[in-house]
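A quick write-up on the structure given underneath.
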Amino acid sequence: MILIDGNELADEIKEKLRIEVSELKQNGIHPKLTVILVGDDFASKKYVNNKKMACEYVGIEQGMIELGVNATEEELIMVIRKLNSDESVHGILIQLPLPKHIDVYKIINIINPNKDVDGFHPENVGKLSIGCEGVIPCTPNGIMKLLEKYDIDVRGKNCVVIGKSDIVGKPISMLLLRESATVTVCHIETRDISNITKQADVLIVATGNPGLITADMIKPGVVIIDVGINRNEYDEVCGDVDFEGCKNKASYITPVPGGVGPMTIAMLMENCVKAARGLENKGEKKYV
Ligand code: GUN
């Protein structure tokens, strides 16, 4: 079994970006990401802090707008409009989840697609689905970079994705399809899931259920990418996969923590730098 080291690749990427940012600054461009946090969700605060530390490392300026849990949709929309027209801001990130009274899709629609460093705007989602250039969501992009780094070619392989979220499940399915994998997406309504997971050459799990995937559900030699970030009964961070049970049956496996998580942040930094460089989203078709 080979352990897929997300920290190592994320550090390599951030190091390259650090050099790129210092060159941009010499040319008068100061990349800036503004994060909007609504409410006081504990996990969100932690994630936002991790993003802030990465920005500091890479040299990206970080703006932070914190709104109370009772902030209205109108207030949030006004904040986004202001950031859209602020030329010093290259990336806008709205930390999710938003409080329940706010319609997240209405909000995401307001962001200028060129500043949408999460790749959640419908324009970027559409571009991804038809293989055009646009902003790619960070976690799926990070997974593809890990597969590439470890020379795992997905062409023609059975890739099984567990979870159909807009943040991971759907975009990673599109990226795999782009690389000509045979993609199966399972979700909460899927029947006899282990019958499907047993066929997987590459298994990507993003559900938020600790211990969902056990050794009896996988075939020998499978590549396992665990996107889950949960807490176990000892309050330790763990993924969706029973790592100890599966590790000796898999050919490659990501640990949690230290697998996909650091790559999400590295890809966010990359999207910010691209936005600052003004790499235009011409929407050119690049993939079949
Ligand atoms: N909350 C959980 N994951 C994400 C993410 O990738 N982006 C944002 N903005 N919020 C999140």
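Remember, it's 1-based here, ligands and their atoms both numbered in the order they're listed.
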Closest protein heavy atom to atom 11 (C) of ligand 1, given as residue, atom name and distance to 0.1 Å: Q95 NE2, 3.5 Å
Which of E75, E74, R81 passes side chain to side chain contact (heavy atoms under 4.5 Å, CB included) with I77? It is R81
Main chain of I29, side chain of N27: is a donor-acceptor contact present, judged purely on distance under 3.5 Å? no
Ligand 1 contact by F120, heavy-atom criterion under 4.0 angstrom: yes
the protein heavy atom lying closest to atom 3 (N) of ligand 1 turns out to be I167 CD1, 4.2 Å
Might you work through the side-chain contact (heavy atoms from CB on, under 4.5 Å) test for I36 and L83, ending with a clear yes or no? CA-CA 10 Å; I36 305 172; L83 295 172; 3.8 Å; yes
Of the listed options (D118, I229, I92), which comes nearest to atom 5 (C) of ligand 1 when hydrogens are ignored and any heavy atom counts? D118
Heavy-atom count around K157 NZ within 6.0 Å, excluding the residue itself: above 12? yes
Report whether V223 and I162 are members of the same hydrophobic cluster (ILVMFWY, side-chain heavy atoms less than 4.5 Å apart, transitive linking). no
Would you say the side-chain atoms of T254 pair up with the backbone N or O of D226, donor to acceptor, closer than 3.5 Å? yes
Contacting atoms of ligand 1, where contact means under 4.0 angstrom from a heavy atom of I94: 8 (C), 9 (N)
Going by heavy-atom distance to atom 1 (N) of ligand 1, choose the closest among V104, L96, T139. L96
Should you measure from each heavy atom of L93, which atoms of ligand 1 turn up under 4.0 Å away? 9 (N)
